[in-house]
2 protein chains.
Amino acid sequence: MPRATLHNRQDSLDRALNLFWQKGFHATSLKDIERTLDMRPGSIYAAFGSKDGLFQEALDCYATRSLREMEIIMASHDSPLDALAAYIRQLGCLRDKEVPSRACMLAKSLLELGEREQAARDKVETLLAGMEARFRQAFADARDAGELVDPERPAHQPERLGRRLQAEVMGLRAYAQREGDSEIVHQLAEDIAQDIEALKVHNTGAH
Amino acid sequence: MPRATLHNRQDSLDRALNLFWQKGFHATSLKDIERTLDMRPGSIYAAFGSKDGLFQEALDCYATRSLREMEIIMASHDSPLDALAAYIRQLGCLRDKEVPSRACMLAKSLLELGEREQAARDKVETLLAGMEARFRQAFADARDAGELVDPERPAHQPERLGRRLQAEVMGLRAYAQREGDSEIVHQLAEDIAQDIEALKVHNTGAH
DNA sequence: GTTAAAATTGAGTATTCACTCAATACCTTC
DNA sequence: GAAGGTATTGAGTGAATACTCAATTTTAAC
């Protein structure tokens, strides 16, 4: 009996994600959304409840996508540390690809959202914690595999390394948002990647 | 002949800075500004031209303040690397102090501003370049003083170390914006600071 | 073909937005 | 005190904001 839905929900979410990712929450107007999704206000609100609700669903999409991309890299490397280094080096190519924003959408939202968007902020916190947990797991895997050069050192605990890596990623991607030569971002990523590789037991010595 | 100005301009700018720093450009309304500065629209526009103009002047204040704070730390250490490490450790206390935002206002603005605020974005780029130049100078000073353990290594060129440090600071401060224990931010800052100290020739070896 | 239910529309809501400007308040100089 | 000029006011501007809802369209089941 129901009328068939005209718009694919996931496709709409992907479009909304790219829009929010590029412009941020506040700078994205409903007019922008109507245009990008090719939907009228009523349809948007019937499907997603509110601008805030749509934003939060877009955040979920982003985090899912990000974790999936990371999982692909992790699966294609035997060594967790090599995988993390490859992950960072891939971020070094941010300037070359066409993306809504070079910055991490979670970091952008973390810095932008205020008390009035508390629900979305909580979601951002949760999703960031999820990413950090995946980083931590990778370092824990490296430790369990005997890859870490000095697992007793406090700074080399998986928890601390995971936090550190998340901070590095947010910093690298924020830096990538600056204007300037693509090569600079590649260098920056390379330097970070080499620091990760330097955590390995039999460091072949980058230099 | 002129009527004496009621409001101190610098004081107004400081108030506006704290407001923009906390809420971001888009989320700050003129009503907020009127309330915070205790000024009526006409006075605000007579003094600063536009919301965008006020924001840009606030950005200048922020950068000046930031550079001054850094200069104090640099001046109170004989070794540039020790000074940078101290600078980072001070950022580790961000959670303990009451500040408009733990995140760097320049980084916040870099991520928030779009094409419609091109002038302000250009200003942010310039001010970030200034901060980076100061970092680079500190590393160059360290190199010239023979402090760097391996000045020939590409990753240890002052240019690259300066960029890296700016990225680390943006990342650390973005991370500090997250909810969570103050101790975690201290740890994170400590780990970064130790990496800076590890660049020194006669590294006394943190653990 | 009729009917029922869901999807979609788009004009319209109240509110907030950044901003303007004629009027006023105030101080300094003479 | 008078005059001149600037700082300040605050009601008011049109445009943009997020959002609503009665009306309409579309489809599937009978």
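Below, read A as the first sequence line, B as the second, and so on, with proteins coming before strands; counting in each chain starts at 1. Every heavy atom of this structure was used, including side-chain atoms; hydrogens, water molecules and symmetry mates were not.
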Inset, instruction - Scan for ring pair (Phe, Tyr, Trp, His ring centres under 6.0 Å) pairs involving residues 103-132 of chain A, sequence neighbours excluded, and state none if there are none. - result: none

Legend entry - Atom-pair distance (NZ on B/Lys23; C1' on C/dT16), nearest Å: 13 Å

Inset, instruction - Apply salt bridge (Lys or Arg N to Asp or Glu O under 4.0 Å) to the pair A/Asp82 and A/Lys200, showing each step before the final yes or no. - result: CA-CA 9 Å; A/Asp82 284 346; A/Lys200 285 181 78 173; 3.2 Å; yes

Legend entry - Separation of C/dA11 P from A/Lys31 NZ (nearest whole Å): 9 Å

Inset, instruction - Could I get the full list of side-chain contact (heavy atoms from CB on, under 4.5 Å) partners for A/Gln166, not counting sequence neighbours? - result: A/Leu128, A/Met131, A/Glu132, A/Phe135, A/Met170, B/Tyr175, B/Arg178

Inset, instruction - Tell me which nucleotide among C/dC17, C/dC19, D/dA18 gets nearest to the side chain of B/Ser29. - result: C/dC17

Inset, instruction - Measure from CG on A/Asn8 to P on C/dA7 and round the result to the nearest Å. - result: 14 Å

Legend entry - side-chain contact (heavy atoms from CB on, under 4.5 Å) involving A/Ala103 - partner list, sequence neighbours excluded: A/Ser101, A/Lys108, A/Gln177, B/Leu111

Inset, instruction - With sequence neighbours left out, write down each residue that passes salt bridge (charged side-chain N to carboxylate O under 4.0 Å, His left out) with A/Asp32, or none if nothing qualifies. - result: A/Lys23, A/Arg35

Legend entry - Between C1' of C/dA18 and CZ of B/Phe55, the distance in whole Å: 16 Å

Legend entry - Quiz item: cation-pi between A/Lys51 and A/Tyr45, 6.0 Å / 45°: no

Inset, instruction - Verify, without hydrogens or angle tests, whether A/Glu112 (side chain) and A/His26 (backbone) share a donor-acceptor contact under 3.5 angstrom. - result: yes

Legend entry - Main-chain N/O of B/Glu159 paired to B/Arg136 side chain as donor or acceptor, under 3.5 Å: no

Inset, instruction - Take the C1' atoms of the five end pairs on each side of the helix from C/dG1-D/dC30 to C/dC30-D/dG1, get both axes, and report the angle to 10 degrees. - result: 0°

Legend entry - Whole-Å distance separating the NE2 atom of B/His26 from the C1' atom of C/dC17: 12 Å

Inset, instruction - Provide, to the nearest angstrom, the distance between the NE2 atom belonging to A/His7 and the P atom belonging to D/dT26. - result: 13 Å

Legend entry - Any residue of residues 32-48 of chain A with a heavy atom less than 4.0 Å from an atom of DNA chain D: A/Pro41, A/Gly42, A/Tyr45

Legend entry - Crowding at CG, B/Asp96 (>12 non-hydrogen neighbours, <6.0 Å): yes

Inset, instruction - Measure the distance from CZ on A/Phe25 to P on D/dT17 and round it to the nearest whole Å. - result: 13 Å

Inset, instruction - Starting from P on D/dT13, measure out to CG on B/Leu30 and report it in whole angstrom. - result: 18 Å

